[in-house]
Amino acid sequence: MPPVTIRVQPDPFDITHETALLLRGQDTVGGVAAFTGIVRGGNDLVALELEHYPGMTESQMRRIAESACERFGLVGCTVIHRVGRLEVGTPIVLVLCASAHRGAAFDATEFVMDWLKTRAPFWKREVFATGRSAWVEARADDDAAAARWDEIMAPPGAEIKK
């Protein structure tokens, strides 16, 4: 199995440092695709507060990253998700996928994000300028984005579980 790094942390991450760690000792990498998620504002949102289930969340993140390595032939994957109070404009998640070819790296990065959104146990509360807060509900379009990977990756004629 290629190297997989998983972390859940309150602290910021450094994409340059994380990329260097991912590439250390690798000589077959042709590209690294990266995604950095940012807390998006609007509608008076000032912050997100994220909670997770320690141990279970990291385990599920590892399963997702290892699945990406296997499905896309990655040579390494790093997934870092932040928890705690994160202000609008703050980086919240980092996904790095290294592969021999760019297409696999791009696809794997999108796959990891789609599955993180639907399968990793995080709880998000929106905090607004008025002081009001509300839990973020699961979204059907996130479920649809994740489900398409089952259809894309299924062998011809395979039954797709929905």
Side-chain angles (χ1 to χ4, degrees), residues 1-40 48 50-84 86 89-124 136-162:
M1 179 59 63
V4 170
T5 298
I6 301 297
R7 290 201 313 270
V8 176
Q9 62 189 43
D11 301 322
F13 46 76
D14 178 338
I15 189 171
T16 302
H17 175 73
E18 298 301 334
T19 302
L21 289 176
L22 179 62
L23 294 175
R24 186 173 44 194
Q26 299 281 355
D27 63 358
T28 60
V29 174
V32 176
F35 176 82
T36 303
I38 308 292
V39 176
R40 182 181 54 241
L48 285 179
L50 279 87
E51 298 179 12
H52 75 296
Y53 193 127
M56 179 185 285
T57 302
E58 291 87 344
S59 175
Q60 188 61 18
M61 289 170 64
R62 179 165 298 281
R63 273 193 219 115
I64 292 167
E66 289 177 352
S67 180
C69 288
E70 183 179 316
R71 287 175 178 230
F72 300 98
L74 298 181
V75 295
C77 182
T78 297
V79 182
I80 301 172
H81 208 298
R82 296 181 64 197
V83 292
L86 301 170
T90 303
I92 187 171
V93 63
L94 175 66
V95 175
L96 301 172
C97 293
S99 73
H101 303 286
R102 66 184 170 160
F106 285 133
D107 288 347
T109 302
E110 191 170 13
F111 167 85
V112 169
M113 276 310 305
D114 286 343
W115 276 30
L116 275 178
K117 296 271 297 184
T118 57
R119 300 184 183 193
F122 287 97
W123 294 271
K124 298 177 186 173
V136 176
E137 300 289 329
R139 295 177 24 196
D141 55 337
D142 288 338
D143 290 333
R148 75 186 168 99
W149 291 105
D150 291 331
E151 295 174 18
I152 290 169
M153 305 304 281
E159 182 178 329
I160 306 297
K161 294 180 183 178
K162 298 203 179 204

Enquirer: Taking the side chain as every heavy atom from C-beta outward, state whether W149 and D107 have any pair of such atoms under 4.5 Å apart.
Expert: yes

Enquirer: Could you pull out all residues at least two apart from D114 that satisfy salt bridge (Lys or Arg N to Asp or Glu O under 4.0 Å)?
Expert: R148

Enquirer: Is a donor on one side and an acceptor on the other found under 3.5 Å between the side chain of R82 and the backbone of Q9?
Expert: no

Enquirer: Between the main-chain N or O of L94 and the side-chain N or O of T36, is there a donor-acceptor pair closer than 3.5 Å?
Expert: no

Enquirer: Give the minimum heavy-atom separation between L22 and G76, together with the two atoms involved.
Expert: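 Here L22 and G76 meet closest at CD1-C, 3.6 Å.
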
Enquirer: If you define the side chain from C-beta out and look only at heavy atoms, does anything of R7 sit under 4.5 Å from E18?
Expert: yes

Enquirer: Decide yes or no for I64 and V79: does some side-chain heavy atom of the first lie under 4.5 Å from some side-chain heavy atom of the second?
Expert: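 Heavy-atom side-chain distance check fails, nothing below 4.5 Å.
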
Enquirer: State whether the number of non-hydrogen atoms from other residues, nucleotides or ligands found under 6.0 Å of F106 atom CZ is greater than 12.
Expert: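 Not more than 12 within 6.0 Å, no.
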
Enquirer: Is it true that, when you exclude R119 itself, more than 12 heavy atoms of the residues, nucleotides or ligands shown sit nearer than 6.0 Å to its CZ?
Expert: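 Count over threshold, so yes.
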
Enquirer: Do S67 and W115 come close enough that some side-chain heavy atom pair is under 4.5 Å?
Expert: yes

Enquirer: Counting N and O atoms only, with roles assigned by atom type, does the side chain of E58 sit under 3.5 Å from a partner on the main chain of G55, one being a donor and the other an acceptor?
Expert: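 Looks like yes, one N/O pair under 3.5 Å.
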
Enquirer: Are F122 and Q60 packed together at the side-chain level, in the sense that at least one heavy-atom pair is separated by less than 4.5 angstrom?
Expert: no

Enquirer: Measure across A34 and L96 and return the closest heavy-atom pair with its distance rounded to 0.1 Å.
Expert: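 Closest pair (atom of A34, atom of L96, distance): CB-CD2, 3.4 Å.
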
Enquirer: Tell me, do T19 and T78 make a side-chain contact under 4.5 Å, heavy atoms counted?
Expert: no

